[in-house]
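Comments concern the structure below.
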2 protein chains.
Amino acid sequence: MVMARINTTQNDIDLRSSCPVACTLDLIGDRWTLLVVRDIFKGKRRYNEFLESAEHFPTNILADRLKRLEAAAVIKKVLYSEHPPRYAYELTNKGLELGKVVEAMYHWGNKNILGKS
Amino acid sequence: MVMARINTTQNDIDLRSSCPVACTLDLIGDRWTLLVVRDIFKGKRRYNEFLESAEHFPTNILADRLKRLEAAAVIKKVLYSEHPPRYAYELTNKGLELGKVVEAMYHWGNKNILGKS
DNA sequence: GAAATGACTTGCATAATGAAAGTCAGCCTG
DNA sequence: CAGGCTGACTTTCATTATGCAAGTCATTTC
């Protein structure tokens, strides 16, 4: 597919169009990425905590998504132990604002798939 | 991966967990599905109209997503010509409620990828 | 010194994606 | 009524992504 480099804020994903929805999907349009964001909203911070989630991230996918989200400045690494060096993952402002998307999916899934509320 | 058949409303996708966010992603967690929904919100109704979108749906993907969305009762086919038989795609209530998700992505992408307002 | 922990990386088989071309039914035009 | 056109897909096939299992590696604790 022909990709374009559209004027974006600092990150370097290939965008299919200048539609905001398509741009967003180019970054988070897969089955795992938003689950990382959801987990951080739920208070998880460390690699092994993500792995404990019910959906069972494959380890390579988790590592990849953390890398991509960090590159896109949706999350950032924070050192929480010097020796050995260990990092926790936290949401940036950009990541916090994804809360709206996660919430919308939460409500939709609850009502339209799980049939609750 | 081990999939579960969780008590859902009428459709038959395999769900990874009972988390509403994960359930939603099991249905719309890819780079194309929500673009179909977006297009219908923008007034498009027919196969060829979707194909004209800037992101250039591959035809096989479009046909597949329309099928999946119909199976999930997010969209429905409506006959708009008897001879030859031709169908238009429209959103069901379930689909209309996805508007919240699309909107949230629209705002997020505009602000955080395109850098507009 | 041995085993454990946290955080990944690698290998590999299977599944999904995407580009291009093919199909097919029903008009339409000469 | 043969040939082309239109709308709506299907098929093929090369490339890429996913997902499971196993391996790595730097500490740290026993």
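Proteins come first, then strands; the chains are lettered A, B, ... in the order of their sequence lines, and each starts at number 1. Fair warning: this is a prediction, and the values are worked out from it, not measured in the lab. Values below: all heavy atoms of this structure, side chains included; hydrogens, waters and symmetry mates excluded.
For A/L79 and C/dA7, the CG to P distance is 11 Å, given to the nearest whole Å. Taking atom CZ of residue A/F57 and atom C1' of nucleotide D/dA21, one finds them 19 Å apart after rounding to whole Å. Atom P of nucleotide D/dG19 and atom NE2 of A/H56 are separated by 13 Å, given to the nearest angstrom. Rounding to whole angstrom units, NE2 of residue A/H83 and P of C/dG6 are separated by 18 Å. Protein atom CD1 of A/I75 is 13 Å distant from nucleotide atom P of C/dA7, rounded to whole Å. Rounded to whole angstrom, the span from the CZ atom of A/R45 across to the P atom of C/dG6 amounts to 17 Å. Rounded to whole Å, the distance from CG on B/L35 to C1' on C/dG18 is 15 Å.
Sequence order on DNA chain D of the closest nucleotides to A/D30 and A/E82 puts A/D30 first from the 5' end. For the pair A/P84 and A/I61, nearest-nucleotide mapping onto DNA chain D gives the more 5' position to A/I61.
Under a 3.5 Å cut-off, the side chain of A/D64 and the backbone N or O of A/N60 do not form any donor-acceptor pair. Without hydrogens or angle criteria, B/R45 side chain to B/I40 main chain gives a donor-acceptor distance under 3.5 Å. Between the A/S53 side chain and the A/H56 main chain, no donor and acceptor come within less than 3.5 Å of each other.
The phosphate of C/dA16 (OP1 or OP2) has no side-chain N or O of B/W32 nearer than 4.0 angstrom.
A cation-pi arrangement is absent between B/K44 and B/F50, since the terminal nitrogen or guanidinium carbon is not both under 6.0 Å from the aromatic centre and inside a 45° cone about the axis.
Salt bridge annotation for B/E70-B/K76: absent, with no cationic side-chain nitrogen under 4.0 angstrom from a carboxylate oxygen.
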Under the side chain to side chain donor-acceptor pair (under 3.5 Å) rule, what do A/Y106 and A/R38 come out as? Steps first, then yes or no, please. CA-CA 10 Å; A/Y106 184 93; A/R38 173 206 64 179; over 6 Å; no
Under a 4.0 Å heavy-atom criterion, the protein footprint on nucleotides 2-17 of chain D, written with B, S and -, is -----SSBBBB-----
